[in-house]
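The block underneath contains the structure these notes are about, expressed in structure tokens.
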Amino acid sequence: MFVNWVEFDELPSKLHDPILTIRPITPADAAAAAQLSAEFGYPASQETMERRIAALQNRDDHIVFLACLDQIAVGWIDVGIVHHLQSEPYGEIGGFVVSEKHRSSGIGKQLIAHAESWMWERGLRRALVRSQIAREETHRFYLREGYARVKTSAVFEKELSGE
């Protein structure tokens, strides 16, 4: 009798349809979040990610949702409420990643829906996301999800020295 070899990380999907859950991230998810963040182009150590998650975890104006397939992290979305004098408060997606091997499977759409519901429940009526100019596939995704491209900006950054 022949048995097909199945890689361990493929096993759950071979036995049944994988179950997608979306929940708030916790510090225990730091290793997976760091791995996904590196895939997104922003590497961070597990310890750094754990510290960041802990700092955001109990804030009323910020949340990070983690998407898991059969309890394996496959994506996250970071959402916060932004307040500026010149505009009404709005929700901003500060980071959003779905593992490359799970893209175009509906997970990103589900994460966006969770983020938008969270914003709506807090009285926000506008969502904003910034995306690097080179991420054309990501831009097409946002357009499909109903976002409109409203401007192209230059971003300036300065390391502060305390002087």
Side-chain angles (χ1 to χ4, degrees), residues 12-13 17-44 48-157:
S13 65
D17 289 335
I19 298 168
L20 177 67
T21 55
I22 297 177
R23 61 172 173 78
I25 200 166
T26 69
D29 301 313
Q35 183 177 358
L36 288 164
S37 185
E39 201 172 311
F40 184 46
Y42 297 93
T48 297
M49 198 58 77
E50 192 171 326
R51 178 181 47 78
R52 291 175 184 170
I53 293 167
L56 295 172
Q57 193 172 22
N58 296 314
R59 294 183 57 145
D60 293 333
D61 64 347
H62 206 107
I63 193 160
V64 179
F65 288 111
L66 184 72
C68 299
L69 278 177
D70 289 333
Q71 301 182 21
I72 298 169
V74 294
W76 56 255
I77 191 165
D78 177 330
V79 186
I81 300 173
V82 177
H83 298 270
H84 289 296
L85 185 60
Q86 72 275 12
S87 64
E88 290 297 316
Y90 59 90
E92 183 166 5
I93 297 169
F96 178 34
V97 63
V98 174
S99 175
E100 189 168 352
K101 81 183 232 183
H102 294 289
R103 290 184 191 148
S104 299
S105 66
I107 294 169
K109 185 177 187 74
Q110 298 257 359
L111 280 167
I112 286 277
H114 266 72
E116 290 173 354
S117 291
W118 181 87
M119 289 182 248
W120 183 264
E121 290 167 3
R122 280 146 188 79
L124 304 172
R125 298 301 175 254
R126 184 169 62 110
L128 182 139
V129 61
R130 302 170 200 278
S131 182
Q132 289 183 13
I133 197 73
R135 296 185 193 264
E136 293 178 18
E137 184 178 333
T138 304
H139 301 172
R140 287 190 296 275
F141 170 80
Y142 289 126
L143 291 169
R144 282 193 310 271
E145 293 307 308
Y147 288 75
R149 186 178 197 154
V150 295
K151 72 169 84 169
T152 302
S153 299
V155 177
F156 299 89
E157 181 176 80

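With hydrogens and angles ignored, the 3.5 Å screen pairs no side-chain donor or acceptor of His62 with any backbone N or O of Asp78. A donor-acceptor pair under 3.5 Å links the side-chain atoms of Arg122 to the main chain of Trp118, judged by distance alone. Ser117 places a side-chain N or O within donor-acceptor distance of the main-chain N or O of Ala113, the cut-off being under 3.5 Å. Of the possible polar contacts, none joining the Ser37 side chain to the Pro43 backbone as a donor-acceptor pair under 3.5 Å is found.
By the 6.0 Å contact criterion, CD on Glu157 is open, its count of non-hydrogen atoms from other residues, nucleotides or ligands being 12 or less. Annotation: Gln57, atom CD; neighbour count of heavy atoms from other residues, nucleotides and ligands within 6.0 Å is above 12.
To the nearest 0.5 Å, atom CD of residue Gln132 and atom NE2 of residue His139 are 8.0 Å apart. Ser131 OG to Phe141 CZ: the interatomic distance, rounded to the nearest 0.5 Å, is 11.0 Å. Atom CD1 of Ile107 sits about 5.5 Å away from atom CG of Leu20, to the nearest 0.5 Å. We find the CG-CD1 distance between Leu66 and Ile25 to be 5.0 Å, quoted to the nearest 0.5 Å. Between the CD1 atom of Ile19 and the CG atom of Leu69 there is a distance of 9.5 Å, given to the nearest 0.5 Å. In this structure, the separation between CD1 on Ile112 and CD on Gln110 is 11.5 Å, given to the nearest 0.5 Å.
Here the shortest heavy-atom pairing between Lys151 and Ser153 reads CD-OG, 3.3 Å. Between Ala148 and Leu143 the shortest heavy-atom distance is CA-CD2, 4.4 Å. For the pair Ala34 and Ala44, the tightest heavy-atom approach, listed with the atom from each and the gap, is CB-O, 3.3 Å. Between Ala30 and Ile53, the closest heavy-atom pair is CA-CD1, 3.9 Å.
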(Q) Go through it in stages, so that I can follow the logic: the residues are Val79 and Val64, the test is side-chain contact (heavy atoms from CB on, under 4.5 Å), and I'd like the CA-CA distance, side-chain angles, deciding distance and then a yes or no. (A) CA-CA 6 Å; Val79 186; Val64 179; over 6 Å; no
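Residues Ile77 and Ile93 form a side-chain contact, since some pair of their non-hydrogen atoms from C-beta on lies under 4.5 Å apart. Contact annotation: the side chain of Ser99 approaches that of Leu36 to within less than 4.5 Å [non-hydrogen atoms, C-beta and beyond].
In summary, Arg23 and Asp29 engage in a salt bridge, as defined by a charged side-chain N under 4.0 Å from a carboxylate O. Under 4.0 Å is where a charged nitrogen must lie from a carboxylate oxygen, and between Arg130 and Glu92 at least one such pair does. Taking the charged nitrogens against the carboxylate oxygens, Glu145 and Lys109 do have a contact shorter than 4.0 Å, which makes a salt bridge. The pair Glu39-Lys101 does not count as a salt bridge, with every side-chain nitrogen at least 4.0 angstrom from each carboxylate oxygen.
Residues meeting the salt bridge (charged side-chain N to carboxylate O under 4.0 Å, His left out) test with Arg140, sequence neighbours left out: none. His114 pairs by the ring-ring contact (aromatic ring centres under 6.0 Å, His included) definition with Phe65, not counting sequence neighbours.
With Tyr90 as the partner, the side-chain contact (heavy atoms from CB on, under 4.5 Å) test is satisfied by one option alone out of Arg125, Met119, Arg126: Arg126.
No side-chain donor from either of His83 and Asp61 sits under 3.5 Å from a side-chain acceptor of the other.
Taking the six-membered ring for Trp and thresholds of 30 and 60 degrees, Phe96 and Tyr142 have ring planes inclined between 30 and 60 degrees apart.
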